[in-house]
Amino acid sequence: MGNVRKIYKIFVFNLPWTVSQHELKAYFNKYGYTYNAVVTFSKKTGLSKGFGFVEFVDKKVYDTVLQQPFHVIDNYNIKKLKEFIITYLSIMAENNDFDITDLEKTFDKATKYVQTVASELDSEQLLNLYSLYKQATVGPCNIPKPNWYQVQAKQKWEAWKSLGEMDQETAMNNYICALSKINPTWETDVATESRAWTTVSRLPNTEKELLDTDKTFLDWVKEGHKEKVQEILLKNSTLTNILDEDGLLPIHWAADRGHVAIIEYLIQHGANVNSRDIDGQTPLHYAASCGHVDVIRYLLSVGAESMEDNDGMKPKDVADEKVVAIL
């Protein structure tokens with residue numbers, strides 16, 4: 001027999017008739033990941049009957065909800081009718097598969113949502129989400145500890161390593177819980193908004209938002225704004241090969257952010273496809289560690305080599321699991 005999966009259900013009543021299932025789920029999401037929320041509607045009138053239930057897969061979240069003295073939505077007290085635990089045995093394959101798939105789908109939606117709001121999160125939130133993402137998609141940390149001077153890489157490694165042997169399903173759930181605490185309405189936002197995506201697997205951009213007039217050449221490279229990059233390079237082509245304060249060239253940043261068009265333009269204007277940063281890493285290292293398939297393929301097509309960095313690590317050694325095969 002497989003593992004036992006539990007769903008913790010709480011029945012609620014005295015719901016305002018205006019509260020939708022999205023709103024009910026968003027409310028409870030502030031305590032952690034809410035697996036499901038259901039409002040019962042009348043088939044005859046289409047209006048809410050004023051009761052429903054919510055479900056949780058994390059007992060800590062379930063306990064936290066029950067510990068609250070009261071819950072209020074739209075100025076109405078939500079009353080708990082009763083609580084019980086539903087246990088699904090994995091011997092019931094169709095039910096077990098559905099549960100896992102549902103968690104994976106929610107996790108996938110969560111990671112894509114994080115991509116759209118990364119610039120609004122602080123470094124601690126981003127680091128936590130990064131480590132849970134890696135644990136959920138790769139498993140326990142399986143790469144060597146970076147050198148002390150590789151500050152960002154070391155922070156990411158330590159955050160991932162701290163999760164120990166946490167299983168991937170728990171990591172997915174914790175990722176969703178972490179996002180729900182940051183923004184309880186994120187699922188509603190996903191359903192109602194269409195926003196541009198950036199990358200998940202790199203440590204996202206934590207820099208303050210700048211006015212266009214204050215942005216430098218490197219800022220435009222990081223944002224992937226090809227027109228601005230072209231405009232500035234036409235005036236000063238030497239910017240292509242100037243290291244920044246972190247020891248990176250523009251092409252490294254473009255590879256890190258996944259901007260193929262920017263990389264192509266930089267190479268056309270003198271950037272070396274195998275240029276190294278202060279740690280000896282090439283653009284291919286950055287693209288590989290971030291899982292940018294399109295960037296990897298482009299770099300390889302224009303002569304990128306699998307070179308060792310200062311620690312003897314090749315792009316394949318630091319690659320995201322999903323892209324190892326193409327390296």
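This chain uses plain numbering: 1 for the first residue, then up along the sequence. Everything numeric here is computed off the predicted structure, so don't read it as measured data.
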Report the C-alpha separation of Phe28 and Ile10 in whole Å, then their side-chain angles, then the decisive distance to 0.1 Å, and conclude whether the side chain to side chain contact (heavy atoms under 4.5 Å, CB included) test is met.
CA-CA 11 Å; Phe28 283 101; Ile10 300 176; 5.8 Å; no
Would you please test Val54 and Lys9 for side chain to side chain contact (heavy atoms under 4.5 Å, CB included) and show each step?
CA-CA 6 Å; Val54 287; Lys9 177 180 283 190; over 6 Å; no
Are Leu218 and Leu239 close enough, and set up right, to give a side chain to side chain contact (heavy atoms under 4.5 Å, CB included), and what steps lead you there?
CA-CA 9 Å; Leu218 205 53; Leu239 293 172; over 6 Å; no
For side chain to side chain contact (heavy atoms under 4.5 Å, CB included), just list the numbers for Ile296 and Leu284, CA-CA rounded to whole Å, side-chain angles, deciding distance to a tenth of an Å, and then say yes or no.
CA-CA 6 Å; Ile296 293 170; Leu284 192 57; 4.1 Å; yes
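Contact record, Cys177 with Val61: SG-CG2, 4.1 Å, taken as the closest heavy-atom pair. Contact between Ala171 and Met166 at its shortest, heavy atoms only, is CA-SD, 3.7 Å. Closest non-hydrogen pair, Ile326 versus Leu300, comes out as O-CD1, 3.5 Å. When all heavy atoms of Gly52 and Thr40 are compared, the closest pair comes out as CA-OG1, 4.2 Å. What you find for Val273 and Ala304 is that their closest heavy atoms are CG2-CB, 3.9 Å. Closest non-hydrogen pair, Pro140 versus Gly164, comes out as CB-O, 3.5 Å.
In this structure Phe53 satisfies the ring pair (Phe, Tyr, Trp, His ring centres under 6.0 Å) test together with Phe11, sequence neighbours excluded.
Note that CG of Leu179 is 11.5 Å distant from NZ of Lys109, once rounded to the nearest 0.5 Å. Interatomic distance, Asp256 CG to Ile251 CD1, rounded to the nearest 0.5 Å: 12.5 Å. Rounded to the nearest 0.5 angstrom, Leu15 CG and Thr18 OG1 are separated by 9.5 Å. Between the OH atom of Tyr175 and the CE atom of Met172 there is a distance of 11.5 Å, given to the nearest 0.5 Å. One distance of note links CG of Leu248 with CG of Leu243; it measures 8.0 Å at 0.5 Å rounding. Here CG of Leu126 is found 8.0 Å from CD1 of Ile182. Values are rounded to the nearest 0.5 Å.
Not a single donor-acceptor pair under 3.5 Å links the side chain of Asn29 to the backbone N or O of Ser180. Not a single donor-acceptor pair under 3.5 Å links the side chain of His252 to the backbone N or O of His285. A side-chain donor-acceptor contact under 3.5 Å links His225 to the backbone of Lys228. Judged purely by atom type and a 3.5 angstrom limit, Gln125 uses its side chain to pair as donor or acceptor with the backbone of Asp122. Put simply, the side chain of Glu55 never gets that close to the backbone of Val38: no donor and acceptor are under 3.5 Å apart. A donor-acceptor contact shorter than 3.5 Å is absent between the side chain of Trp17 and the backbone of Leu47.
Salt bridge Glu223/Lys215: present, at least one basic N to carboxylate O contact under 4.0 Å.
Side-chain atoms of Asn274 and Thr282 form no donor-acceptor pair, as typed in the model, at a separation below 3.5 Å. With 3.5 Å as the limit, one finds a donor-acceptor pair spanning the side chains of Asp219 and Thr216.
When side chains are defined from C-beta on, Phe217 counts as touching Leu233, because their heavy atoms get closer than 4.5 Å. Side-chain contact between Ile143 and Trp160 is present, with at least one heavy-atom pair separated by less than 4.5 Å. Counting heavy atoms from C-beta outward, Asn128 and Glu124 have side chains that stay 4.5 Å or more apart. For the pair Thr34 and Phe56, the minimum side-chain heavy-atom distance is below 4.5 Å. With a 4.5 Å cut-off on side-chain heavy atoms, Asp58 and Asn174 count as touching. The shortest distance between side-chain heavy atoms of Thr238 and Asn241 does not fall below 4.5 Å. Between Tyr286 and Asp277 there is a side-chain heavy-atom pair separated by less than 4.5 Å.
Clustering ILVMFWY residues whenever any of their side-chain heavy atoms sit less than 4.5 angstrom apart, transitively, puts Tyr298 in a cluster other than the one holding Met307. Transitive grouping of hydrophobic side chains (ILVMFWY, heavy atoms separated by less than 4.5 Å) brings Ile73 and Leu66 into a common cluster.
Using the six-membered ring where Trp is involved, Phe107 and Tyr133 have ring planes that are parallel, under 30° apart on the 30 and 60° scheme. Between Tyr31 and His71, the ring planes are perpendicular. Angles over 60° get that label, and only those under 30° would be called parallel.
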Using atom types as modelled, flag every donor-acceptor pair under 3.5 Å from a side chain in residues 259-267 to any protein atom, sequence neighbours excluded.
unit_1 : atom_1 : unit_2 : atom_2 : d
His259 : NE2    : Lys222 : O      : 2.8
His259 : NE2    : Gly224 : N      : 3.3
Tyr265 : OH     : His269 : NE2    : 3.4

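In Lys30, the NZ atom is crowded: over 12 heavy atoms of neighbouring residues, nucleotides or ligands sit closer than 6.0 Å.
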